[in-house]
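Report on the following structure.
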Amino acid sequence: MGVGEAAVFHILQEGGITVPKGFRAGGLHCGLKKSGRNDLGVILCEVPAVAAGVYTTNVFQAAPLKVTRESIASDGRLRAVVVNSGNANACTGQQGEVDAYAMRAATAAAFGLAEQDVAVASTGVIGELLPMDRVHSGIAALPAAISADGNGAEQFSQAILTTDLVKKEICVSLTVDGREVAIAGAAKGSGMIHPNMATMLAFMTTDAEVEPQALRQLLGEVTDVTFNMITVDGDTSTNDMLVAMASGLAGNRPLQPGHPDWAAFAAAFRHVCQHLAQAIARDGEGATRLVEVTVQGAVTDLSARAIAKTVIGSSLVKSAMFGADANWGRIIAAVGRAGEPVNPDTVDIRLGDIVVLEGSRPVPFDEDEALVYLQGDTVHIHVDLHHGSGTATAWGCDLTYDYVRINAAYRT
């Protein structure tokens, strides 16, 4: 990908998706959630922004994805993204499509835009029709609810949450052509999370000027090593979507792989995606800790990704992490069933700095030390196959009693 790992960018302590020049955002409650929390939000760009998107691999794709694909395909640019939570508008047939297009049309009318300038996203319960009277009333109120300050970003971040416990946002800055450029992101995701664009909505804004094809390619490549490397429960949603918008108002020369600052921009872009991906994994439904699995020494990077995903997705490994049980047998079993080339005599496994397996043979270790480590907020599992140069990292969480409790009563 040509991403320079040593590239310099700065993480801004405050600010979200409205920090990049040209963007405003907001959110409000329109009656889709019984809790009274925000359930409708919008991101608005003052100019046509270069746009790119990636979407769920689930065969049953929610109606908003069709609308968004169509909008971006029209001329590769967007002015707005409208999002509702509390209702997925998925598996709702022809009426669901009619409602998704109606959301696009209503948002365009509210902000004086062409319909193809608007993307639509939804998240929540599958199989229920949207109460469009509430949605229309909410959209009509959005112009008065948006701002370019931190409050606008905050209200939008709250509007996209479902079972999430915390909002997920980040903003970084870097210098491109001597000008300050910002890249920001906001996401939701807690359950029904599995690799290959799964169970999440994410939105990125930047004021960099980026060539359309370069943005599309970068988004796809970075998604493969960030959002597609997380799992909470092995279920891939019908609604997953990641949309990036670039206003171009920073005043830099158009970015593309031949630009001298491309590596720095790509590294910052990846950092935003990785931060959001990790935040989704950490906030998995009922989770008590983030689990990171790094695989090295695989025959290829793709092979390492498959093995890392298998380990992070194992219910037995996840249960062991919840119980702070240094059961390395579950880890090596997951490695062995990933369907990738592995030498059964050369595998090393570490839990943090604690070596538990070397050359595929058990190594004596301090169980009490391992218990203390596994009770921490973040657990790092390292697997070295000694079989090639491929490497990958995946993120997930432990599997707890609360995951079952939350999902047993999701609709009620």
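Listed by chain and number, the residues in a salt bridge (Lys or Arg N to Asp or Glu O under 4.0 Å) with E154 are K167 (sequence neighbours excluded). Partners of K33 according to the salt bridge (Lys or Arg N to Asp or Glu O under 4.0 Å) rule, which considers only residues two or more places apart in sequence or in another chain, do not exist here. Every residue meeting the side chain to side chain contact (heavy atoms under 4.5 Å, CB included) condition with S74, not counting sequence neighbours, appears here in chain and number order: Q116. Contacts of E180 classified as salt bridge (Lys or Arg N to Asp or Glu O under 4.0 Å), with partners at least two apart in sequence or in another chain: none. Every residue meeting the ring-ring contact (aromatic ring centres under 6.0 Å, His included) condition with H271, not counting sequence neighbours, appears here in chain and number order: F9. Scanning for salt bridge (Lys or Arg N to Asp or Glu O under 4.0 Å) contacts around R253 gives D177, with sequence neighbours left out. Under the side chain to side chain contact (heavy atoms under 4.5 Å, CB included) criterion, R179 pairs with no residue at all, not counting sequence neighbours. The side chain to side chain contact (heavy atoms under 4.5 Å, CB included) test applied to Q95 returns V98, D99, L129, not counting sequence neighbours.
Residue G390 comes nearest to D301 through the heavy atom pair CA-OD1, 3.3 Å, listed as atom of the first residue, atom of the second, then distance. In plain terms, the two heavy atoms of A370 and I354 that are nearest each other are CA-CD1, 3.6 Å. The minimum heavy-atom distance linking A102 with M132 is given by the pair CB-CE, 3.9 Å. When all heavy atoms of P254 and H259 are compared, the pair lying nearest together is O-CD2, 3.6 Å. What you find for L255 and A208 is that their closest heavy atoms are CD1-CB, 3.9 Å. Pairing each heavy atom of M321 with each of V291, the nearest pair is CG-CG2, 3.9 Å.
Rounding to the nearest 0.5 Å gives a distance of 12.5 Å between CD1 of I139 and CZ of R104. Note: N228 CG to L242 CG = 9.5 Å, rounded to the nearest 0.5 Å. Between the NE2 atom of H380 and the OG1 atom of T294 there is a distance of 8.0 Å, given to the nearest 0.5 Å. One distance of note links CD of E115 with CE of M103; it measures 13.0 Å at 0.5 Å rounding. Interatomic distance, T393 OG1 to I381 CD1, rounded to the nearest 0.5 Å: 12.0 Å. Remark: T391 OG1 to L385 CG distance equals 9.5 Å, nearest 0.5 Å.
Within the 4.5 Å cutoff, no side-chain heavy atoms of Q274 are placed close to those of M229. In this structure the side chain of H382 never reaches within 4.5 angstrom of the side chain of I349, judged on heavy atoms. Two residues are said to be in side-chain contact when any heavy atoms from C-beta on lie closer than 4.5 Å; F203 and V83 meet this criterion. V272 places a side-chain heavy atom less than 4.5 Å from the side chain of V172. At a threshold of 4.5 Å between non-hydrogen side-chain atoms, the residues F269 and M204 count as touching. In this structure, the side chains of I17 and F156 come closer than 4.5 Å at one or more pairs of heavy atoms. Side-chain contact between L174 and I183 is present, with at least one heavy-atom pair separated by less than 4.5 Å. Annotation: side chain of E70 is in contact with side chain of Y101 (closest heavy-atom distance under 4.5 Å).
For residues 48-65, no pair satisfies salt bridge (Lys or Arg N to Asp or Glu O under 4.0 Å), with sequence neighbours left out. Residue pairs meeting the salt bridge (Lys or Arg N to Asp or Glu O under 4.0 Å) criterion with at least one partner in residues 39-68, sequence neighbours excluded, are K66-E97. Sorted pairs that involve residues 130-143 and meet side-chain hydrogen bond (donor to acceptor under 3.5 Å, both in side chains), not counting sequence neighbours, are lacking altogether.
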Report task. Any chance you could lay out the side-chain contact (heavy atoms from CB on, under 4.5 Å) test for L40 and L142, step after step, and finish with the verdict? Result -> CA-CA 8 Å; L40 185 69; L142 279 176; 4.0 Å; yes

Requested in this report: Could you walk me through whether L218 and W262 pass side-chain contact (heavy atoms from CB on, under 4.5 Å), step by step?
Outcome: CA-CA 10 Å; L218 178 62; W262 174 253; 3.9 Å; yes

Query - CA sep, side-chain torsions, deciding dist, call: V225, R270, side-chain contact (heavy atoms from CB on, under 4.5 Å) - result: CA-CA 9 Å; V225 294; R270 175 171 173 165; 3.9 Å; yes

Requested in this report: Might you work through the side chain to side chain donor-acceptor pair (under 3.5 Å) test for K188 and T123, ending with a clear yes or no?
Outcome: CA-CA 9 Å; K188 65 80 53 180; T123 183; 3.0 Å; yes

Query raised in the report: Run the side-chain contact (heavy atoms from CB on, under 4.5 Å) check on V342 and I307 step by step: do they pass?
Result: CA-CA 10 Å; V342 173; I307 294 169; 4.1 Å; yes

Query - side chain to side chain donor-acceptor pair (under 3.5 Å) assessment of E209 paired with N252 - result: CA-CA 6 Å; E209 184 167 349; N252 59 284; 5.7 Å; no

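Defined by atom type and a distance below 3.5 Å, a donor-acceptor pair is missing between the side-chain atoms of E128 and N87. For the residue pair S247/K21, the side-chain donor-acceptor check at 3.5 Å is not satisfied. Under the 3.5 Å distance criterion, with hydrogens and angles disregarded, no donor-acceptor pair is assigned to the side chains of T310 and R337.
The main-chain N or O of Q155 is found under 3.5 Å from a side-chain atom of N38 such that the two form a donor-acceptor pair. Put simply, the side chain of S85 gets close to the backbone of A159: a donor and an acceptor are under 3.5 Å apart. In this structure, the side chain of T226 does not engage the main chain of A277 through any donor-acceptor pair within 3.5 Å. Using modelled atom types, one side-chain atom of R79 and one backbone atom of C45 make a donor-acceptor pair closer than 3.5 Å. Without hydrogens or angle criteria, Q256 side chain to G258 main chain gives a donor-acceptor distance under 3.5 Å. Between the side chain of T18 and the backbone N or O of D149 there is at least one donor-acceptor pair closer than 3.5 Å. T206 places a side-chain N or O within 3.5 Å of a backbone atom of A182 that can act as its donor or acceptor partner. Looking at T175, its side chain never comes within 3.5 Å of a backbone N or O of G178 through a donor-acceptor pair.
When T92, N84, N89 are each tested for a side chain to side chain donor-acceptor pair (under 3.5 Å) with S122, only one passes: N84.
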Could you go through residues 323-334 and list every donor-acceptor pair under 3.5 Å that involves a side-chain atom there, pairing it with any protein atom two or more places apart or in another chain?
{"residue": "N327", "atom": "OD1", "partner": "G329", "partner atom": "N", "Å": "3.3"}
{"residue": "R330", "atom": "NH1", "partner": "L316", "partner atom": "O", "Å": "2.8"}

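Contact check on D398 versus R289 returns a salt bridge, with a Lys/Arg side-chain nitrogen under 4.0 Å from an Asp/Glu carboxylate oxygen.
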